[in-house]
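Right, one structure below, let's go through it.
Computed from a predicted model, the values in this text were never measured in an experiment.
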Amino acid sequence: MNELTILKPDDWHLHFRDGDLLQETVPATARCFARAIVMPNLVPPVTNAEMALNYKKRILAASPTPAAETEPFSPLMTIYLTNTTSVEDIKSAKQAGITAAKFYPAGATTNSDAAVSQIDSLYPIFEAMAKHSLPLLIHGEVTDNDIDIFDREAIFIDRNLTKLARNFPELKIVLEHITTREAVDFINESSSNIAATITPQHLLFNRNDLLVGGIKPHNFCLPILKRDIHQQALRKAVISGSKKFFLGTDSAPHAKHRKESACGCAGCYSAWSAIELYAEIFEELSILSKLEAFASTHGADFYQLPRNTETITLIKKDWSVPEEIALPDGNPIVPFYAGQSLSWQLK
């Protein structure tokens, strides 16, 4: 196969950041995705509908002008759950067309210090979300200092998520950027209201790719890369073709100097090669025929949104991911998979 045409895909989990950085991140995503769920962990966090709609305006201002007869890029906005989130905030978010609300464990990832330390305290909010059909997106890790970083997702599922799903069976839940065999098993065994996104880095790499031969800071992300048995479980999940798993890049930009520092930032900026990376993986797994469903239909169906009608075409052509990309402020960023060759390219 030398050419593959699929319905235009969507990215169901990414980080645009804000300010001048939007001039880089938004066009990079809009080049191949029709829609994207935008994470709200800015500084300050996007905690209500008004803030989300203002952020959406800034994203749209940075979006490229679509070609004739092409639909414009559509950011799908979220709000950030905190200790002060109210039932009225949930109702207002739904009325304003906000797509979902995001739960971060305090301190779990970039700009998550404002998050909630005890998930049980949000139960009234989850009840309101179920009532108003507002999906819950979860960064599924515990953050206790005594818990090994490689075990934090599995313990979160056992300690928190199992109980949450049992107590709120009507609540749609997406476990974001899953990384473990335990997560795959939980999703497979759960109701149709529970799904998961999977990133390119967690399908391509395991913790050897982060640590062997020296630390690779541009492969450092949270949740952290796990051992090979977990990578293989994620691959089996996409091979299965289950509609409960769909594309979410977790593309998360950081300037080069912030990644290559004594305390480097977590996040992989994959936007400029995202769909090509997934094509590479799916071809390696001999399941290219399943890429369209994973990238273009499973997520839309779960969120009860219309499937895209436009298409994109990938062609079999070797190319290399750039070593660096210049940011608007002049600082370089090192994209995920920098300098490495891919065999599929967006036409």
Side-chain angles (χ1 to χ4, degrees), residues 1-14 25 28-34 36 177-179 184 196-210 212-213 216 218-221 223 225-242 245-253 267-299 311-325 333-347:
M1 181 184 295
N2 294 315
E3 191 169 292
L4 177 66
T5 298
I6 63 173
L7 291 176
K8 198 167 187 180
D10 303 300
D11 189 342
W12 298 102
H13 178 104
L14 62 66
T25 57
T29 292
R31 74 185 183 94
C32 64
F33 293 113
H177 42 50
I178 61 170
T179 65
V184 172
T197 55
I198 306 180
T199 74
Q201 61 265 27
H202 291 108
L203 288 167
L204 277 167
F205 289 162
N206 58 56
R207 64 189 187 182
N208 281 359
D209 299 288
L210 174 64
V212 172
K216 314 295 192 304
H218 300 287
N219 292 346
F220 174 48
C221 56
L225 295 169
K226 304 299 193 298
R227 65 189 305 164
D228 176 71
I229 61 169
H230 299 295
Q231 179 192 11
Q232 297 309 317
L234 299 182
R235 289 179 163 219
K236 288 179 181 177
V238 299
I239 290 170
S240 75
S242 169
F245 302 99
F246 41 85
L247 186 154
T249 63
D250 194 22
S251 182
C268 299
Y269 182 52
S270 58
W272 273 116
S273 56
I275 195 62
E276 294 93 338
L277 285 163
Y278 283 110
E280 195 87 4
I281 297 159
F282 275 59
E283 181 177 48
E284 179 186 342
L285 298 176
S286 300
I287 54 167
L288 266 176
S289 62
K290 296 182 179 181
L291 179 61
E292 181 177 60
F294 177 81
S296 310
T297 67
H298 289 171
T311 61
I312 62 166
T313 297
L314 293 157
I315 57 173
K316 193 78 168 176
K317 181 180 181 182
D318 291 340
W319 66 289
S320 294
V321 179
E323 295 279 0
E324 293 184 355
I325 296 168
I333 190 170
V334 177
F336 179 67
Y337 225 62
Q340 298 188 64
S341 178
L342 292 171
S343 57
W344 287 95
Q345 188 174 42
L346 188 65
K347 187 174 182 180

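Among residues at least two apart or in separate chains, salt bridge (charged side-chain N to carboxylate O under 4.0 Å, His left out) pairs with a member in residues 281-290 are Arg235-Glu284, Glu283-Lys316. The salt bridge (charged side-chain N to carboxylate O under 4.0 Å, His left out) analysis of residues 336-347, with sequence neighbours excluded, yields the pairs Glu3-Lys347.
When all heavy atoms of Leu342 and Glu276 are compared, the pair lying nearest together is CD1-CB, 4.0 Å. Taking all atoms of both residues into account, the shortest heavy-atom contact from Lys226 to Pro223 is NZ-CB, 3.8 Å. Contact detail for Pro335 and Pro322: the closest heavy-atom pair is CG-O, 3.2 Å. Contact detail for Leu7 and Thr297: the closest heavy-atom pair is CD1-CG2, 4.1 Å. Closest of all the heavy-atom pairs between Tyr278 and Pro200 is OH-CD, 3.0 Å. Taking each heavy atom of Ile198 and Phe245 in turn, the nearest pair found is CD1-CD2, 3.9 Å.
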Next on the checklist: Applying ring-ring contact (aromatic ring centres under 6.0 Å, His included) to His202 and His177, what does each step give before you reach the verdict?
Outcome noted: CA-CA 8 Å; His202 291 108; His177 42 50; 7.2 Å; no

Item to check | side chain to side chain contact (heavy atoms under 4.5 Å, CB included) between Trp344 and Leu291, worked out | outcome: CA-CA 13 Å; Trp344 287 95; Leu291 179 61; over 6 Å; no

Checklist entry - Do Trp319 and Ser273 pass the side chain to side chain contact (heavy atoms under 4.5 Å, CB included) test, and can you show the C-alpha distance, the side-chain angles, and the key distance before you say yes or no? => result CA-CA 10 Å; Trp319 66 289; Ser273 56; 3.8 Å; yes

Next on the checklist: Pair Phe220, Leu210 - check side chain to side chain contact (heavy atoms under 4.5 Å, CB included), show working.
Outcome noted: CA-CA 7 Å; Phe220 174 48; Leu210 174 64; 3.9 Å; yes

Checklist entry - Would Tyr337 and Phe205 satisfy side chain to side chain contact (heavy atoms under 4.5 Å, CB included), going step by step from the backbone distance to the final call? => result CA-CA 11 Å; Tyr337 225 62; Phe205 289 162; 3.8 Å; yes

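Here Leu247 contributes atom CG and Ser296 contributes atom OG; the two are 8.0 Å apart, rounded to the nearest 0.5 Å. Atom CG of residue Leu204 and atom OG of residue Ser270 lie 10.0 Å apart, to the nearest 0.5 angstrom. Atom OG1 of Thr197 sits about 7.5 Å away from atom CD1 of Ile178, to the nearest 0.5 Å. The distance from the CD atom of Glu292 to the CD1 atom of Ile312 is 9.5 Å, given to the nearest 0.5 Å. From Leu234, atom CG reaches atom CD1 of Ile229 across 11.0 Å, with rounding to the nearest 0.5 Å. Of the inter-residue distances, the one linking Thr179 atom OG1 with Gln201 atom CD reads 10.5 Å to the nearest 0.5 angstrom.
A donor-acceptor pair is defined here as one N or O able to donate and one able to accept, closer than 3.5 Å; no such pair exists between the side chain of Glu324 and the backbone of Ile333. Between the side chain of Asn206 and the main chain of Asn208, a donor-acceptor pair closer than 3.5 Å is present.
Annotation: side chain of Trp272 is in contact with side chain of Arg31 (closest heavy-atom distance under 4.5 Å). Contact of the Phe33 side chain with the Leu14 side chain is not registered, since no non-hydrogen atoms from C-beta on lie closer than 4.5 Å.
With sequence neighbours excluded, no residue forms a side-chain hydrogen bond (donor to acceptor under 3.5 Å, both in side chains) with Ser240.
The closest side-chain donor-acceptor pair between Ser343 and Glu280 falls under 3.5 angstrom. Under the 3.5 Å distance criterion, with hydrogens and angles disregarded, a donor-acceptor pair is assigned to the side chains of Thr249 and Asp11.
Aromatic ring pairs are classed by plane angle as parallel below 30°, tilted from 30° to 60° and perpendicular above 60°; the pair Phe294 and Phe282 is tilted.
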